Amino acid sequence: MGAASAARSTTMMSQRMRIALAFMAVVLLVMGLRLFHVQGLDTSGHAQAAVSERLRSVPVPAERGDILDTQGRVMATSVDRYDLVVDQRLVDDFRERDEDTGLMTTVSIESAIDELAEIVDEDPEALAEDMTGDSHYTVVAASVTPEEEERALEVGIPGLYSEQVPQRSYPSGPVAGSILGFMGSDGPLEGVESVHDDVLAGQDGERMYEIGASGVRIPTATYEEIPAEHGQDVQLTIDQDLQWFAQEAIAQKTNQYNAQWGNATVVDLQSGEILAMADSETVDPSDPGEADELFRRPLALTQDFEPGSSGKAVTFAAALEEGALSPTDEFTVPDEYTVDGETIQDARPHEDYEMTAAGIFARSYNTGTVMIGNELDEQTRYEYMRDVGLGEPIDIGLGIEGESILRAPDEWDRRQPLSTQFGQGYTSTVLHTVQQYQALANDGVHVPLSVVDSYVDSEGNVAPYETEEPDRIFSSETSEEMMRMLEGVVEYGSAPEAAIEGYRVGGKTGSAEAAGEAGGFDGYTMSFVGVAPLDDP
């Protein structure tokens, strides 16, 4: 009995061993087949998957182009700044070599963070909190200088690295701020910075490399870099010095009259280039939030108003061009003049004057202007107004259009056939007014106004900024006659204070009631258009 039981026990053990050996054989066979598959049949796929897990991609920022004035002076540029970034999983005590003894010593992360906090001027406790956790990417200090970045990395904290970030600098502060525009947290917001962003920004590149388990780049592994395409410079027609002077002058004059705003625009009449477009207040692109919203865009484009007497020039020029007028034609000019039941008055009562057309223009009489304008039919006069740009938007490359309201004659009320002759019944921006006189003074040829001159790439190649072609509106004879009448305004007319010793100066005054909020009037809009020197305006 005992011998039989022992035999059965031995047999069962033998069976279990055979089963265990068979199971192990199956396991080894499966592992072998898997190893054969990995190493022999699918080596590239698994290797690529491993590389992909280790591969990191970092953008290489393109350098943003500069904005230059007409002389090539920098008005906006980018400066080197860095974000300090940490992989919180790697932050720990570390070892470094003691410079005095040459021995390796352990540096506590607390003391290292204290040193870093002093460099970047941050609170140590807040910095320690930012560097603690499981995030592989946390910005702990933004926009530090190259010197601060270098000192911060020398501390040696594991997982701390830097990324270059663009930061815009405006060396001349608020000079031409509303023209330049400014940057926001998500990119450019206004002006040249925004409208020409595709040219200024360039194209970011990319840097790809492998990292090890410690998060550090593997020096001998994959490394590829697609270089960035740097942005182009945008050169303006603005003269930085003239712009500064114009801003100072118009601010002083605006304060003198306690006005809501003022603008002084200077244009090269032959090229149409805007040399200055200055507002009484303007935005500092480095701190746009401090400026009133009104002054964040150029007032010469955003504010339209009834121009008043500066609008008389196109009436006189159209009459000259059509042969309906000579500067020496004589008129009897009353202080009130009634046409079709509508009475026109001059600014001040006066007796009847015997005057020439040139004298009427110089003294800016509304009644005499209507006598002259009525020599033309309404449609003809309207077409000349459209030809000089009234009623049409003006686009000078700043992303906004100057608007002018001028309805067609069939939409005019009873008074507009008369009031449009002397600058009322329609609206004009500063640039619309400037554009009229540009054509009158430039031998009758209209040249589109512009504030952008060209694009300049990193190789110095210049691509002119395209504008519309010039077109002739008035004859040379009309232009010459108008220049003489503009000179009369300064010599013996309404603007003697515009005279400049040694120069022939022409110009035209303008004043009109300013529209108020409730449909009434709220003060006056005052303007002066000056042309000099008349020998070569």
Side-chain angles (χ1 to χ4, degrees), residues 63-79 166-183 188-202 230-251 262-288 291 295-301 394-400 402 430-431 434 438 447-467:
E63 293 181 8
R64 189 172 182 82
D66 294 341
I67 302 177
L68 312 173
D69 86 336
T70 188
Q71 303 295 329
R73 293 170 291 197
V74 175
M75 303 189 77
T77 189
S78 295
V79 294
Q167 181 168 312
R168 213 59 170 155
S169 173
Y170 302 90
S172 298
V175 175
S178 62
I179 299 171
L180 300 177
F182 45 86
M183 307 291 286
L189 295 180
E190 294 286 355
V192 175
E193 293 278 29
S194 177
V195 178
H196 302 274
D197 181 56
D198 56 339
V199 174
L200 290 163
H230 299 312
Q232 299 182 59
D233 296 339
V234 176
Q235 186 156 18
L236 306 181
T237 62
I238 297 294
D239 184 293
Q240 181 175 268
D241 292 342
L242 186 58
Q243 176 74 24
W244 174 86
F245 185 86
Q247 286 183 198
E248 293 292 307
I250 193 61
N263 172 271
T265 293
V266 184
V267 172
D268 183 316
L269 297 180
Q270 295 179 359
S271 66
E273 295 177 348
I274 299 173
L275 305 179
M277 191 163 59
D279 299 328
S280 50
E281 295 182 40
T282 191
V283 61
D284 184 341
S286 299
D287 191 12
F295 300 106
R296 295 179 190 175
R297 291 180 167 187
L299 299 178
L301 281 167
I394 291 181
D395 183 358
I396 59 172
L398 291 182
I400 52 176
V430 169
L431 290 191
V434 167
Q438 180 277 323
V447 178
L449 303 180
S450 61
V451 74
V452 177
D453 176 78
S454 58
Y455 300 141
V456 185
D457 67 19
S458 57
E459 303 296 323
N461 300 312
V462 178
Y465 184 70
E466 294 185 3
T467 59

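If you're wondering where the values come from, they're calculated on a predicted model, not measured in any experiment. All values below were derived from every heavy atom in this structure, side-chain atoms included, with hydrogens, water molecules and symmetry-related copies excluded.
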Is it the case that the side chain of H196 and the backbone of Y455 share a donor-acceptor pair, with hydrogens and angles ignored and the cut-off at 3.5 Å? no

Those residues that, when tested against S271, pass side chain to side chain contact (heavy atoms under 4.5 Å, CB included) (two or more places apart): D268, E273

What heavy-atom pair brings T265 and A300 nearest, and what distance separates the two atoms? OG1-CB, 3.9 Å

Between V175 and M75, which heavy-atom pair has the shortest distance, and what is it? O-CE, 4.0 Å

Out of curiosity, Q235 CD to Q71 CD, how far, rounded to the nearest 0.5 Å? 8.5 Å

V430 vs L299 side-chain heavy atoms within contact, under 4.5 Å: no

Does some side-chain heavy atom of V74 sit less than 4.5 Å from a side-chain heavy atom of L68? yes

When rounded to the nearest 0.5 angstrom, what distance separates CG in L275 from OG1 in T237? 6.5 Å

Shortest non-hydrogen contact between S454 and P464, atoms and distance: CB-CA, 3.9 Å

Is there a side chain to side chain contact (heavy atoms under 4.5 Å, CB included) between V462 and V456? Walk through the geometry before answering. CA-CA 5 Å; V462 178; V456 185; 4.1 Å; yes

S194 side chain near L189 side chain, heavy-atom distance below 4.5 Å: no

Any non-hydrogen side-chain atom of I396 less than 4.5 Å from a side-chain atom of M277? yes

Decide whether Q240 and S172 meet the rule of one side-chain donor and one side-chain acceptor closer than 3.5 Å. yes

Restricting to pairs with a member in residues 448-462, which pass salt bridge (charged side-chain N to carboxylate O under 4.0 Å, His left out), not counting sequence neighbours? none

Indicate yes or no: does D66 engage R73 in a salt bridge with an N to O separation below 4.0 Å. no

Nearest 0.5 Å, what's the CG-CD1 distance between L398 and I274? 7.5 Å

More than 12 heavy atoms from other groups under 6.0 Å of CD on E63: no

Are N263 and P298 side-chain neighbours, meaning at least one heavy-atom pair lies under 4.5 Å? no

Closest heavy-atom pair, A276 versus A246, reported as atoms and distance to 0.1 Å, is CB-CB, 4.2 Å

With rounding to the nearest 0.5 angstrom, report the CG to CG distance, L301 to D395. 8.5 Å

Enter the distance from D69:CG to I179:CD1 here, rounded to the nearest 0.5 Å. 11.0 Å

Between S78 and R168, is a side-chain hydrogen bond (donor to acceptor under 3.5 Å, both in side chains) present by the stated rule, with each step listed? CA-CA 5 Å; S78 295; R168 213 59 170 155; 2.9 Å; yes

The side chain to side chain contact (heavy atoms under 4.5 Å, CB included) partners of D197 (sequence neighbours excluded) come to R64, P188, A201

Given L180 and L236, is the side chain to side chain contact (heavy atoms under 4.5 Å, CB included) satisfied, shown in steps? CA-CA 9 Å; L180 300 177; L236 306 181; 4.0 Å; yes

Between Q247 and A176 the two heavy atoms that sit nearest each other are OE1-N, 2.8 Å

So, for Y170 and M183, which heavy atoms are closest and what is the spacing to 0.1 Å? OH-CG, 3.8 Å

Is the number of heavy atoms from other residues, nucleotides or ligands under 6.0 Å of Y465 OH greater than 12? yes

Step by step, would you call T467 with V447 a side chain to side chain contact (heavy atoms under 4.5 Å, CB included)? CA-CA 9 Å; T467 59; V447 178; over 6 Å; no

The reported gap from CG in L431 to CD in Q438 (rounded to nearest 0.5 angstrom) is 11.5 Å

